[in-house]
Amino acid sequence: MDFSINYKIIQMIVDLSYGKINGWEKYNLAEITNLYLNNNKLKELPNWIDKCINLQELDCSYNEITSLPENLSSSLQRLDCESNEIKSL
């Protein structure tokens, strides 16, 4: 019997840091696994963040974010929100 497991680990890493945030339209949001939004002077996370259903890592550090949305992906494993203005989680 063959009990081997065939699977692919596919990651879509999207770097929209340092002012490149306007380039998000060209990506299939549901496929993004790693998203870098750091250093964009964001006051809040983009409203399309809830469409990133496979998001595992989110870096939104060094912005001006005051709160995080409740609808972040349930697959999120790492969140970096260092150097923001978040009051509570």
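Ile21 and Tyr36 fall into different hydrophobic clusters, defined by Ile, Leu, Val, Met, Phe, Trp and Tyr side-chain heavy atoms under 4.5 Å apart, directly or through other members. Note on Leu35 and Ile65: same hydrophobic cluster, where clusters join Ile, Leu, Val, Met, Phe, Trp and Tyr whose side-chain heavy atoms are under 4.5 Å apart, directly or indirectly. Cluster membership check: Leu58 shares its hydrophobic cluster with Met12, using side-chain heavy-atom separations under 4.5 Å among Ile, Leu, Val, Met, Phe, Trp and Tyr. If you chain together hydrophobic residues whose side chains sit under 4.5 Å apart, Leu29 and Leu37 fall into the same group.
Qualifying side-chain contact (heavy atoms from CB on, under 4.5 Å) partners for Tyr18, counting only residues two or more places apart in sequence or in other chains: Asn38, Asn39. Asn71 pairs by the side-chain contact (heavy atoms from CB on, under 4.5 Å) definition with Asp50, Pro69, not counting sequence neighbours.
The closest donor-acceptor contact from the side chain of Asn28 to the backbone of Ala30 lies under 3.5 Å. Counting only distance, with no hydrogens or angles, the side chain of Ser73 and the backbone of Ile53 share a donor-acceptor pair below 3.5 Å. With hydrogens and angles disregarded, a donor-acceptor distance shorter than 3.5 Å links the side chain of Asn84 to the backbone of Cys60. Distance alone, capped at 3.5 Å, places no donor-acceptor pair between the Asn54 side chain and the Thr33 backbone.
Between the CG atom of Leu68 and the CD atom of Glu44 there is a distance of 11.0 Å, given to the nearest 0.5 Å. Here the straight-line distance linking atom CD of Glu82 with atom CG of Asp59 works out to 8.5 Å at 0.5 Å rounding. In this structure, Lys43 NZ and Thr66 OG1 are separated by 9.0 Å, a value rounded to the nearest 0.5 Å. For the atom pair CD of Glu31 and CD of Gln11, the computed distance is 13.0 Å after rounding to the nearest 0.5 Å. Rounded to the nearest 0.5 angstrom, Arg78 CZ and Gln56 CD are separated by 12.5 Å.
For the residue pair Asn63 and Asn40, the shortest heavy atom distance occurs at OD1-N, 2.9 Å.
Heavy-atom neighbours of Glu85 CD from other residues, nucleotides or ligands within 6.0 Å: above the threshold of 12.
Within the structure, the ring-ring contact (aromatic ring centres under 6.0 Å, His included) test picks out the following pairs touching residues 39-76 (sequence neighbours left out): Trp24-Trp48.
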Next item on the list: Evaluate side-chain contact (heavy atoms from CB on, under 4.5 Å) for Leu16 paired with Asn22, printing each intermediate quantity in order.
Entry: CA-CA 8 Å; Leu16 299 175; Asn22 291 327; over 6 Å; no
Discussion item. Pair Ile32, Ile13 - check side-chain contact (heavy atoms from CB on, under 4.5 Å), show working.
Written reply: CA-CA 6 Å; Ile32 297 174; Ile13 300 171; over 6 Å; no
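A salt bridge is absent between Glu64 and Lys41; no separation between the charged side-chain nitrogens and carboxylate oxygens falls under 4.0 Å.
Residues Asn34 and Val14 fail the side-chain proximity criterion, which asks for heavy atoms closer than 4.5 Å.
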